[in-house]
Amino acid sequence: MPLRDTSNGYGWLSIALHWITAIVVLVLLFVGDTISTLEGDERDDALLLHTSIAITAYVVLWARVVLRFVQKHPGPLPKQRGLFYEIGKVAHYVLVVAIAVMLVTGPLMVWFGGEGIEVWDWLVIPSPFEANFAVRDALHRVHATSALVILILTLLHIGGVYKHAAFNQDGTFSKMLVPAKPDENRDASRRAEADRGTPARAAHDEP
Ligand code: HEM
Ligand code: HEM
């Protein structure tokens, strides 16, 4: 089973992480946006739901961020080449960085607000910091702005994928559904370089 990404496609790991985290991020955006519209117990419940989902998925969300930078972004399929592919690639990296920003600012925001992070009714992660509401407010602004960036880019992203699937029919959508076959060139060069005792370079690292 092709687990890793290839020079121009995604492996199972990226595909699974993409879809799991896409659902989690969309739910967190929705619940997060609802928090400020509620008051009293309803607000507390929404906040608890938001932090509980975020912390439950925390490691998976980080894995998704780290893996994209470790594996790098796969190159284009033959029909995908061009300026729009490059714009899409930048947008993907911005999305990944924005998710990382949410994961850093979210917990810090709760802690600098002088609270512990509640996770379902399982546990409360206590704050290691003194409460500081100026810092909390600054973190809240970054959290909200980054959420807006994710929302706008996700809408463009879904619109872009729809355009590729409906009009271009260039294999973009299938890339995130069916894992790519392992690169024969890369695997052959890995074997050859292993024989020579020198480290292999990934095919998509080639200039
Ligand atoms: C990808 C992950 C996340 C997304 C997409 C997300 C999204 C959002 C959104 C859209 C808001 C509303 C912002 C506003 O006021 O306009 C929000 C608020 C909030 N988020 Fe997140 N969030 C994420 C991760 C986290 C994490 C990891 C935590 C902490 C464990 C967290 C804690 C909070 C809190 C406490 C608020 C409410 C702030 C307030 O109004 O008092 N978030 N989030
Ligand atoms: C729900 C509808 C979604 C669809 C149909 C969709 C579809 C796709 C497709 C087809 C690709 C491959 C594009 C290519 O490399 O040529 C892709 C990549 C990507 N998507 Fe989505 N996506 C969705 C939601 C999301 C969401 C909510 C996020 C994040 C907030 C996201 C973030 C990314 C990122 C960062 C990539 C680059 C590869 C990776 O790191 O996983 N997508 N998506």
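Whatever order the structure lists them in is the order used to number ligands and atoms, beginning at 1.
- The distance from ligand 2 to the heavy atoms of V25 drops below 4.0 Å at these ligand atoms: 30 (C).
- For the pair R64 and V96, the tightest heavy-atom approach, listed with the atom from each and the gap, is NH1-CG2, 4.0 Å.
- Residue-ligand proximity, V110 to ligand 1, at heavy-atom distances under 4.0 Å covers atoms 35 (C).
- The nearest heavy-atom contact from the protein to atom 34 (C) of ligand 2 is R64 NH2, 3.4 Å.
- Close approach of ligand 1 to R136 (heavy-atom distance below 4.0 Å) involves ligand atoms 41 (O).
- Residue contact check: R43 has heavy atoms under 4.0 Å from atoms 39 (C), 40 (O), 41 (O) of ligand 1.
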Checklist entry - Do Y162 and F173 pass the ring pair (Phe, Tyr, Trp, His ring centres under 6.0 Å) test, and can you show the C-alpha distance, the side-chain angles, and the key distance before you say yes or no? => result CA-CA 8 Å; Y162 175 74; F173 195 23; 9.8 Å; no
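- Residue E42 qualifies as open at atom CD: its count of foreign heavy atoms under 6.0 Å is 12 or below.
- More than 12 heavy atoms of other residues, nucleotides or ligands shown are found within 6.0 angstrom of CZ on F129.
- Closest to atom 26 (C) of ligand 2, if we only count protein heavy atoms, is A22 CB, 3.8 Å.
- The shortest separation from a heavy atom of W19 to ligand 2 is under 4.0 Å, placing the residue in contact.
- The closest side-chain donor-acceptor pair between R68 and S14 falls under 3.5 angstrom.
- Taking all atoms of both residues into account, the shortest heavy-atom contact from Q71 to D5 is OE1-N, 3.1 Å.
- Distances from atom 35 (C) of ligand 1 to the heavy atoms of V101, L47, V65, T56 put L47 nearest.
- What you find for L48 and T51 is that their closest heavy atoms are O-OG1, 3.3 Å.
- Interface atoms of ligand 1 facing L29, defined by a heavy-atom separation under 4.0 Å, are 5 (C), 10 (C).
- Minimum heavy-atom separation, A46 to V31: O-CG1, 3.5 Å.
- Distance alone, capped at 3.5 Å, places no donor-acceptor pair between the T172 side chain and the V161 backbone.
- Contact between E118 and ligand 1 is absent, with no heavy atom of the residue lying under 4.0 Å from the ligand.
- When the side chains of ILVMFWY residues are joined at heavy-atom separations under 4.5 Å, either directly or via intervening members, L3 and V60 end up in a single hydrophobic cluster.
- The hydrophobic cluster containing W120 also contains I117, counting ILVMFWY residues as joined when their side-chain heavy atoms lie under 4.5 angstrom apart, directly or transitively.
- Interface atoms of ligand 2 facing K175, defined by a heavy-atom separation under 4.0 Å, are 15 (O), 16 (O).
- Hydrophobic clustering (side-chain heavy atoms under 4.5 Å, transitive across Ile, Leu, Val, Met, Phe, Trp, Tyr) groups V97 together with Y58.
- Below 4.0 Å from some heavy atom of F173 lie the following atoms of ligand 2, by number and element: 5 (C), 10 (C).
- When all heavy atoms of I150 and A98 are compared, the closest pair comes out as CG1-CB, 3.5 Å.
- Every atom of ligand 2 is numbered from 1 in the order shown, and the set under 4.0 Å from a heavy atom of T154 is 27 (C), 30 (C).
- Protein heavy atom at the shortest distance from atom 13 (C) of ligand 2 is H92 CE1, 3.8 Å.
- Nearest non-hydrogen protein atom to atom 1 (C) of ligand 2 is I158 CD1, 3.9 Å.
- For the 3.5 Å distance criterion, the side chains of K79 and Q169 fail to qualify, holding no donor opposite an acceptor.
- The cluster map of Ile, Leu, Val, Met, Phe, Trp and Tyr, joined by side-chain heavy atoms under 4.5 Å apart, puts L47 and M109 in different clusters.
- Under a 4.0 angstrom heavy-atom cut-off, Q80 registers as being in contact with ligand 2.
- Close contacts between ligand 2 and V96 involve ligand atoms 35 (C) [criterion: under 4.0 Å to a heavy atom].
- Among H157, M176, K89, the residue whose heavy atom lies closest to atom 31 (C) of ligand 2 is H157.
- Closest approach between atom 21 (Fe) of ligand 2 and any N/O/S atom of H18 involves NE2.
- In this model, no donor atom of one side chain and acceptor atom of the other lie less than 3.5 Å apart for E118 and S52.
- The backbone N or O of F30 sits less than 3.5 Å from a side-chain atom of T34, completing a donor-acceptor pair.
- At the top of the distance list for atom 14 (C) of ligand 2, counting protein heavy atoms only, stands Y10 OH, 3.6 Å.
- Residue-ligand proximity, A144 to ligand 1, at heavy-atom distances under 4.0 Å covers atoms 13 (C), 14 (C), 16 (O).
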Item to check | Evaluation steps, salt bridge (charged side-chain N to carboxylate O under 4.0 Å, His left out), between K163 and D170 | outcome: CA-CA 10 Å; K163 172 188 158 289; D170 53 9; over 6 Å; no
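- When the options I35, L48, I55 are ranked by their closest heavy atom to atom 30 (C) of ligand 1, first place goes to I55.
- Remark: Y93 OH is packed, more than 12 non-hydrogen atoms of other residues, nucleotides or ligands lying under 6.0 Å away.
- Under a 4.0 angstrom heavy-atom cut-off, S36 registers as lying outside contact with ligand 1.
- Sorted by chain and number, the protein atoms of type N, O or S within less than 2.8 Å of atom 21 (Fe) of ligand 1 are H50 NE2, H143 NE2.
- What sits closest to atom 38 (C) of ligand 1 on the protein, heavy atoms only, is H140 CD2, 3.5 Å.
- Of the protein's non-hydrogen atoms, the one nearest atom 7 (C) of ligand 2 is V161 CG2, 3.6 Å.
- Nearest protein neighbour of atom 40 (O) of ligand 2, counting heavy atoms only, is R68 NE, 2.6 Å.
- Evaluated by nearest non-hydrogen atom to atom 29 (C) of ligand 2, the leading choice among L95, T172, L153 is L95.
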